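Below: the structure, in structure tokens.
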Amino acid sequence: MEISVDVGKAPGRPCVGQGHINWLLVDWARRREHIVRLKGGDPGVFGRLGEEIDAVRSAGIAFEVIPGVTAATAAAARLGISLTERGSASMLVFATGTDQTGHHPATLDWDVLARVEGTLAFYMPVGALDSITASLTSLGRDPREPAILVEQAGVDGERVIAGRLGDIAEEARAAGLAAPAVLITGPRVALASVPLSVRRVLAGTAT
């Protein structure tokens, strides 16, 4: 008999703490021959993979990690964006849009991010879009640079909000953007196969 335990996290709703998730992994693994910890995206990118490995390894439990596709690469591929390109985007940076308290990540080196000649991808940016874009543009990143937000990347209800770095936060508010979402900005974003407006994509068909 298959049994599932929902430990998904979402802003604004009660969720299972990471410590309890670690305990569940160990507890279920001791009681079953095989268990699966299924996560969206790739567990090694802002997915707390290290904490969960530490928990099961400390308990002496054998495990295998099967990689997934992380949100930024999935979103970019669906929109026809190459995150890197010879001569125009030789660097790709994945950064968090919020810290562990859910606020603007002040510990990031915003000066370096503003000067990156390549693509920036921010995970969990929804609650800090204004501060993210203001930090980048105030330190010299071009506010006219193409930027795109992808909500619910790769699943039903996926939405794309495209604009410029200087106004993408306002566009997101007008569209009622909600988490989870990823923000991608950089020279390659201009080649996305969506117009600079809001579109909804369901089952691979744009309407």
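Keep in mind that what you see is a predicted model, and the values were worked out from it rather than measured.
Cluster membership check: I53 shares its hydrophobic cluster with V7, using side-chain heavy-atom separations under 4.5 Å among Ile, Leu, Val, Met, Phe, Trp and Tyr. At a threshold of 4.5 Å between side-chain heavy atoms, the hydrophobic network of Ile, Leu, Val, Met, Phe, Trp and Tyr places L92 and I148 in one connected group. Linking Ile, Leu, Val, Met, Phe, Trp and Tyr whenever their side-chain heavy atoms come within less than 4.5 Å puts W23 and I35 in one cluster. V93 and L165 fall within the same hydrophobic cluster, where Ile, Leu, Val, Met, Phe, Trp and Tyr residues are linked whenever their side-chain heavy atoms come under 4.5 Å apart, directly or through other members. Under a hydrophobic-cluster definition in which Ile, Leu, Val, Met, Phe, Trp and Tyr are linked whenever side-chain heavy atoms come within less than 4.5 Å, directly or via other members, I3 and V26 are assigned to the same cluster.
Summarising the geometry, atom OG1 belonging to T73 is positioned 12.0 Å from atom CZ belonging to R78; distances are rounded to the nearest 0.5 Å. The CG atom of D167 sits 12.5 Å away from the CZ atom of R144 when rounded to the nearest 0.5 Å. Atom CZ of R173 and atom CG of D130 lie 4.5 Å apart (nearest 0.5 Å). For the atom pair OG (S138) and CG (D111), the distance works out to 9.5 Å, reported to the nearest 0.5 Å. Interatomic distance, L139 CG to L113 CG, rounded to the nearest 0.5 Å: 9.5 Å. Put simply, OG1 on T96 and CD1 on I132 are 8.0 Å apart, with the number rounded to the nearest 0.5 Å.
Here K39 pairs with E52 in a salt bridge; the nearest charged N to carboxylate O distance falls below 4.0 Å.
When all heavy atoms of L49 and P43 are compared, the closest pair comes out as CB-O, 3.2 Å. Nearest heavy atom pair, residue I161 against residue A175, reads CD1-CB, 3.5 Å. Scanning all heavy atoms of the two residues, the minimum distance from V16 to D6 falls at CG2-O, 4.2 Å. The minimum heavy-atom distance between A72 and I184, with the atom names listed, is O-CD1, 3.9 Å. Scanning both residues, I168 and A147, for their nearest heavy atoms gives CD1-O, 3.8 Å. Taking each heavy atom of E158 and G154 in turn, the nearest pair found is OE2-N, 3.4 Å.
Around CZ of R86, the count of heavy atoms belonging to other residues, nucleotides or ligands within 6.0 Å does not exceed 12. For Q18, the CD atom sits in a packed shell: over 12 heavy atoms of surrounding residues, nucleotides or ligands are nearer than 6.0 Å.
A side-chain donor-acceptor contact under 3.5 Å links R141 to the backbone of V116. In this structure a side-chain-to-backbone donor-acceptor pair under 3.5 Å is present from T185 to P146. A donor-acceptor pair is defined here as one N or O able to donate and one able to accept, closer than 3.5 Å; such a pair exists between the side chain of D42 and the backbone of G68. Side-chain atoms of E151 never come within 3.5 Å of backbone atoms of R159 as a donor-acceptor pair (strictly under, hydrogens ignored).
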Test log, rule salt bridge (charged side-chain N to carboxylate O under 4.0 Å, His left out), inputs E145 and R164: CA-CA 5 Å; E145 179 177 79; R164 306 293 176 186; over 6 Å; no
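For W28, there are no ring-ring contact (aromatic ring centres under 6.0 Å, His included) partners two or more places apart in sequence or in a different chain. Here F94 pairs with Y123 under the ring-ring contact (aromatic ring centres under 6.0 Å, His included) rule; sequence neighbours left out.
Grouping Ile, Leu, Val, Met, Phe, Trp and Tyr residues whose side-chain heavy atoms lie under 4.5 Å apart, directly or via other members, places V36 in a hydrophobic cluster with L38.
Considering T133, L136, T98 as possible partners of F122, the one that fulfils the side-chain contact (heavy atoms from CB on, under 4.5 Å) test is L136.
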